[in-house]
Trainee: 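Can you keep this structure in mind? I'll have questions shortly.
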Amino acid sequence: MFRWQLDEEGWCMGAVGEHVLRLRQQGRLVEFTGADESFVRSFLRLDDLSLTEQARRWCALDPLFAKAWEGQSGLRILRQDPQECFFSFLCAAVAPIARIRKMLEAVCDEATGDPFGQFPTLEQLLTLRESRLRERGLGFRAERVVLAARKLAEKPESWLESLRGRPLVEIEAELTQFPGIGRKIADCIALFSLDADSAVPVDTHIWRITKTHYAPELSALSLTPANYERASAAFQRKFGPYAGWAQQTLFYQQAVK
DNA sequence: GCTCTACCTTT
DNA sequence: AAGGTAGAG
């Protein structure tokens, strides 16, 4: 969602796959243009789970979550476009949000001529030049974008989409084969675009929260691959099959707000 | 299995 | 120092 924009009247605008959506929430009502209702319901994941119900359970379970939920009740995981999600988090490594947005606008502009429209097709992404992307501020991510696009092009048609709904460990195993995609980025793509609701991306903020509140035995340790697994597992034990959703509310409270 | 380091740029 | 990854030791 890095390229989305919010206007003064509360409309959120951006591309999701084939659609260019406008959304606005007023109370319990969501207004929309750019797609039909079933698409919007699917994108917002309105029919998959009762977030209210999950949150009530999590609030009772954990005071830290309760506090975060108080400040940000209703924060949802969205069903994002897998290809845009893949390249977004490939670019996201060690960069603040404002910079990630600029990098993705540059990628889209280079590939399609429109920074805000539909995300480039694989064919369009294959036209990207590393040198151009470096000029546009991608830094060391430029090479990763080019190499990942090539590797993706070797897979069958709609390969990324076909990962949706597969077991999380399998999704992680597939995605971490790509250059520039380690466990954290794989988990972001899995959670935000592939329906892997239990995925808990452990970034620097979630690592700190986990050590402090959920797995004190990790408190003296650093974020190695083995400890990433332990932190993620601690979160999943605590919050259950929708742990990724709980993670996002805590993350937002800690890192964004 | 863990630590250290380089990788680009912006604030 | 920023919402990491990959290679070397």
Side-chain angles (χ1 to χ4, degrees), chain A residues 1-4 64 68 71-72 75-78 80 84-107 109-110 115 128-152 171-194 196 199-215 217-233 235 243-257:
Chain A
M1 305 298 291
F2 291 106
R3 296 188 300 137
W4 276 54
L64 186 69
Q72 195 53 48
L75 182 67
R76 308 185 66 79
I77 298 296
L78 304 174
Q80 299 182 229
E84 174 152 12
C85 202
F86 179 99
F87 285 96
S88 293
F89 285 96
L90 187 54
C91 291
V94 215
I97 292 169
R99 186 177 172 202
I100 300 168
R101 179 174 52 242
K102 280 184 61 182
M103 290 190 277
L104 290 168
E105 288 170 10
V107 166
D109 190 30
E110 289 290 324
L128 292 170
R129 286 268 148 267
E130 178 184 342
S131 54
R132 296 283 304 149
L133 294 179
R134 281 182 177 269
E135 287 167 23
R136 292 280 223 133
L138 280 263
F140 60 79
R141 302 160 196 82
E143 183 187 23
R144 297 175 175 183
V145 167
V146 170
L147 293 177
R150 274 186 213 152
K151 192 172 166 72
L152 213 44
I171 296 176
E172 286 165 340
E174 293 286 359
L175 294 180
T176 52
Q177 298 297 111
F178 287 82
I181 300 192
R183 181 77 188 274
K184 190 270 182 178
I185 303 245
D187 282 338
C188 288
I189 300 166
L191 175 64
F192 297 132
S193 74
L194 299 173
V200 178
V202 181
D203 69 345
T204 170
H205 303 284
I206 292 296
W207 174 241
R208 190 166 35 71
I209 292 173
T210 305
K211 289 195 296 186
T212 311
H213 298 280
Y214 304 124
E217 70 275 15
L218 300 177
S219 57
L221 307 177
S222 60
L223 186 47
T224 63
N227 292 335
Y228 182 111
E229 176 58 32
R230 293 176 185 122
S232 218
F235 241 89
W245 292 59
Q247 171 272 155
Q248 192 63 8
T249 290
L250 289 162
F251 173 85
Y252 186 83
Q253 178 71 214
Q254 260 308 304
V256 183
K257 207 164 181 188

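Convention: sequence-line order gives letters A, B, ...; per-chain numbering from 1.
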Trainee: Between A:R101 (CZ) and B:dT11 (P), how many Å, whole number?
Mentor: 11 Å
Trainee: From C-beta outward on A:T224, which listed nucleotide comes closest to its side chain: B:dT10, B:dT3, C:dG4?
Mentor: B:dT3
Trainee: What orientation do A:F178 and A:F86 show, parallel under 30°, tilted 30 to 60°, or perpendicular over 60°?
Mentor: perpendicular
Trainee: Using a 4.0 Å heavy-atom cut-off across all strands, classify A:Y228 as base, sugar-phosphate, or nothing.
Mentor: nothing
Trainee: With centres under 5.5 Å and planes under 30° as the test, does A:F140 stack with B:dC8?
Mentor: no
Trainee: Tell me the interatomic distance from A:W207, atom CH2, to C:dA2, atom C1', rounded to whole angstroms.
Mentor: 19 Å
Trainee: Are A:T204 and C:dG4 close enough that a side-chain N or O sits under 4.0 Å from OP1 or OP2?
Mentor: no
Trainee: Roughly how far apart, to the nearest Å, are B:dC2 and C:dG3 at atom C1'?
Mentor: 23 Å
Trainee: Please state how far atom CG in A:L138 lies from atom C1' in B:dC7, giving the value in whole angstrom units.
Mentor: 13 Å
Trainee: Taking the side chain as C-beta and beyond, is there a heavy-atom pair between A:R141 and A:L90 under 4.5 Å?
Mentor: no
Trainee: Is it the case that over 12 heavy atoms from other parts of the model lie below 6.0 angstrom from the NZ atom of A:K102?
Mentor: no
Trainee: Apply the test salt bridge (Lys or Arg N to Asp or Glu O under 4.0 Å) to residues A:E84 and A:R3: give CA-CA distance (whole Å), side-chain angles for both, the deciding distance (0.1 Å), then the verdict.
Mentor: CA-CA 10 Å; A:E84 174 152 12; A:R3 296 188 300 137; 2.9 Å; yes
Trainee: Side chain of A:R230, heavy atoms from C-beta onward: which of B:dC2, B:dT3, C:dG4 has the nearest atom to it?
Mentor: B:dC2
Trainee: Atom CD1 of A:I77 and atom C1' of C:dG3: how far apart are they, to the nearest Å?
Mentor: 13 Å
Trainee: Does A:R99 get its side chain close enough to the base of B:dT9, under 3.5 Å, for a donor-acceptor pair?
Mentor: yes
Trainee: Would you call A:M103 and A:V145 a side-chain contact if the rule is heavy atoms closer than 4.5 Å?
Mentor: no
Trainee: Please tell me which of A:F192 and A:F178 maps to the more 5' nucleotide of DNA chain C, matching each residue to the nucleotide holding its nearest heavy atom.
Mentor: A:F192
Trainee: Between the base of B:dC7 and the side chain of A:R141, is one N or O donor paired with an acceptor at under 3.5 angstrom?
Mentor: no
Trainee: Within the distance-only criterion (no hydrogens, no angle test), does the side chain of A:R144 pair as donor or acceptor with the backbone N or O of A:P179 below 3.5 angstrom?
Mentor: no
Trainee: B:dC7 base to A:R144 side chain: any donor-acceptor pair below 3.5 Å?
Mentor: no
Trainee: Rounding to an integer number of Å, can you tell me how far A:Q80 CD sits from C:dG3 P?
Mentor: 17 Å
Trainee: Dot-bracket for DNA chain B, please, read 5' to 3', with Watson-Crick or G-U wobble pairs under 3.5 Å on both distances, ( ) within the strand, [ ] crossing, | other strand, . unpaired.
Mentor: .||||||.||.
Trainee: Rounded to whole angstroms, how far apart are CD on A:E143 and C1' on B:dT9?
Mentor: 17 Å
Trainee: Heavy atoms from C-beta onward define the side chain here; which of B:dC2, B:dT3, C:dG3 lies closest to that of A:A226?
Mentor: B:dC2
Trainee: May I have the distance from A:I100 (atom CD1) to C:dA1 (atom C1'), rounded to whole angstrom?
Mentor: 14 Å
Trainee: Would you mind classifying the nucleic acid contact of A:I97 as base, sugar-phosphate or nothing, using non-hydrogen atoms under 4.0 angstrom?
Mentor: base
Trainee: Give the rounded distance in Å between these two atoms: CZ of A:F251 and P of C:dA2.
Mentor: 11 Å
Trainee: With a 4.0 Å cut-off on heavy atoms, is A:P179 in touch with a base, just the backbone sugar-phosphate, or nothing at all?
Mentor: sugar-phosphate
Trainee: Within the supplied structure, the quantity of interest is the number of heavy atoms (other residues, nucleotides, ligands) at a distance under 6.0 Å from A:R76 CZ; does it exceed 12?
Mentor: yes
Trainee: Do A:I171 and A:I189 pass the side chain to side chain contact (heavy atoms under 4.5 Å, CB included) test, and can you show the C-alpha distance, the side-chain angles, and the key distance before you say yes or no?
Mentor: CA-CA 9 Å; A:I171 296 176; A:I189 300 166; over 6 Å; no
Trainee: Looking only at side-chain atoms of A:N227, point me to the closest of C:dG4, B:dC2, C:dG3.
Mentor: B:dC2
